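As a basis for the values below, the full set of heavy atoms in this structure was taken, side chains included, without hydrogen atoms, waters or symmetry mates. None of these values were measured; they are calculated from a predicted model. A note on names: the letters A, B, ... follow the listed sequences, proteins ahead of strands, and every chain is numbered from 1.
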Protein chains: 2
Amino acid sequence: MVLPRAARTQRRTRIQEEKEELILEAALDVFATHGFRGSTIDQIAEVAGMSKPNLLYYFRTKEAMHRALIDRVLDSWLDPLREFDAEGNPVSEIRSYIRRKLEMARDFPRESRLFANEILQGAPHIEDELKGPLKLLVDEKAEVIRSWIKAGKIAKCDPYHLIFAIWSTTQHYADFDVQVRGVLGDERSGEGRFEDAARFLEQLFVSGLEIKEGSA
Amino acid sequence: MVLPRAARTQRRTRIQEEKEELILEAALDVFATHGFRGSTIDQIAEVAGMSKPNLLYYFRTKEAMHRALIDRVLDSWLDPLREFDAEGNPVSEIRSYIRRKLEMARDFPRESRLFANEILQGAPHIEDELKGPLKLLVDEKAEVIRSWIKAGKIAKCDPYHLIFAIWSTTQHYADFDVQVRGVLGDERSGEGRFEDAARFLEQLFVSGLEIKEGSA
DNA sequence: GTAATGTTTTACCAACCGGTCAAATTATCA
DNA sequence: TGATAATTTGACCGGTTGGTAAAACATTAC
């Protein structure tokens, strides 16, 4: 018998494992470049190299596909922020946070664009995650930053806007890649641009957060 | 006779003027939140409060609407960068550039999202503008920044990445507004957040670009 | 091997999409 | 006023979209 996909609570087949992987990979490609509404199941099916009904056998709707993708990616996307360590040296913590975020922008640009599309379009599918888990994590790390400020280890500043600034500057290289390449021109568009960006951003944030004489 | 819209080279009617305005306003709403592919003519027509064929009487295709919108907005979008003045004081020039960009993010978030959507999705309609006029303008301003560095007025840094950083941090408040609001929570999501952002970003960039002792 | 289960395909549907057409309505101006 | 041009609308069209039904095919368990 053909059970509806959702009713199967038994352990998954090898084929299921493989195909779902294949589909999510293709869906990431398509959703990341066209957003949810701009993407079609046919497109995803073509990229995945399978027929549309076959794809719908694994994920019963386009929404289900998108949700599965978001769930899988959101968690790992926040890893760099989780590593932010209250016990560490503030400057080197911030420095390595920037570096990690920049590495993710370089190595996982599709994941970055998936979120960018989603948020840009009003986050209709992940609003709860934003106000829940994400806010919690950011609140926690903002508190860490605030403690560093109180301890006189970095300059006084709004920790939330600091985090926003790190997010935006790093993700910019994934989300606005075409623009960055367009402006830099062919000569400077190679992978070296990430090293240049890292150098610039580390300098900006490190000296931007340095304690100035007479301000304590 | 009913002339095709494009053939009318005569001066435009009062009604034409008004309706085209009305349509572009509605189109901005829709394109900004759903991207080009995710938007439908019916949607725009509904927002504009007119029938689809009527809308298509003024703009013959969806593409034409989008293009008209891009053309109108792109130019004014670059105004803040154009005001960047080589003769001015570097620190205050950068400071007011940040402020202007932030004001645009606050007052014209739809325009910002229109571009963000377009670029995020590979800039299929404005690639030429990116590699042409935009690159030219940025090249010119990068040269200005470089001259300030050479003159020892600000710290040594890559001018292009500096511009990217200002773009990304400021536009973040328009493009990722839902996220910003979600993380800040209801209490801090009011208009005051733009003042907080301005204060933070000015501090970051100003002290981030200060000349340090012993580095000249 | 065969029966049960899991997978894939073909054919299809209703809703929606961008866009056209011709007729109806309204504004302009001599 | 009436003729002319500009504007608006409802009906429609071919293609695409998300999704379904059922049967063919493959795999696994016994």
| query | OP1 or OP2 of D:dT8 sitting under 4.0 Å from any side-chain N/O of B:Y57? | reply |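 Negative; the distance criterion is not met.
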To the nearest Å, how far apart are [X] [atom1] and [N] [atom2]?
| X | N | atom1 | atom2 | result |
| --- | --- | --- | --- | --- |
| A:E20 | C:dT7 | CD | C1' | 13 Å |
| A:M65 | D:dG19 | CE | C1' | 10 Å |
| B:E63 | C:dC17 | CD | P | 17 Å |
| A:E17 | C:dT7 | CD | P | 11 Å |

| Nearest-nucleotide pick for B:N54, side chain only, options being C:dG6, D:dG19, D:dT9 |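 Nearest nucleotide to the side chain: D:dT9.
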| Among C:dT7, D:dA6, C:dG19, the one nearest A:Y58 by side-chain distance |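 It is C:dT7.
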Mind telling me whether [Y] and [X] have parallel, tilted or perpendicular rings, with 30° and 60° as the class edges?
| X | Y | answer |
| --- | --- | --- |
| B:F36 | B:F31 | parallel |
| A:F176 | A:H172 | parallel |
| B:Y97 | B:F84 | perpendicular |

| task | Tell me which residues in residues 38-53 of chain A put a heavy atom below 4.0 Å from DNA chain C, sorted by number, or none. | result |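 Hits under 4.0 Å, by residue number: A:S51, A:P53.
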| query | If you draw a 6.0 Å radius around CG in A:D79, do more than 12 non-hydrogen atoms from other residues or ligands fall strictly inside? | reply |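 Counting neighbours around CG of A:D79, more than 12 heavy atoms of other residues, nucleotides or ligands fall under 6.0 Å, so yes.
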| Would A:R188 and B:D158 satisfy salt bridge (Lys or Arg N to Asp or Glu O under 4.0 Å), going step by step from the backbone distance to the final call? | CA-CA 12 Å; A:R188 292 191 61 200; B:D158 186 315; 2.5 Å; yes
| said: Ignoring hydrogens, what is the shortest heavy-atom contact between B:I41 and B:K52? Give both atom names and the distance. | reply: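 Closest pair (atom of B:I41, atom of B:K52, distance): CG2-CG, 3.6 Å.
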| request: Assign each of B:K19 and B:R37 to its nearest nucleotide of DNA chain D by heavy atoms, then name whichever residue's nucleotide is nearer the 5' end. | output: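 It is B:K19 whose nearest nucleotide is closer to the 5' end.
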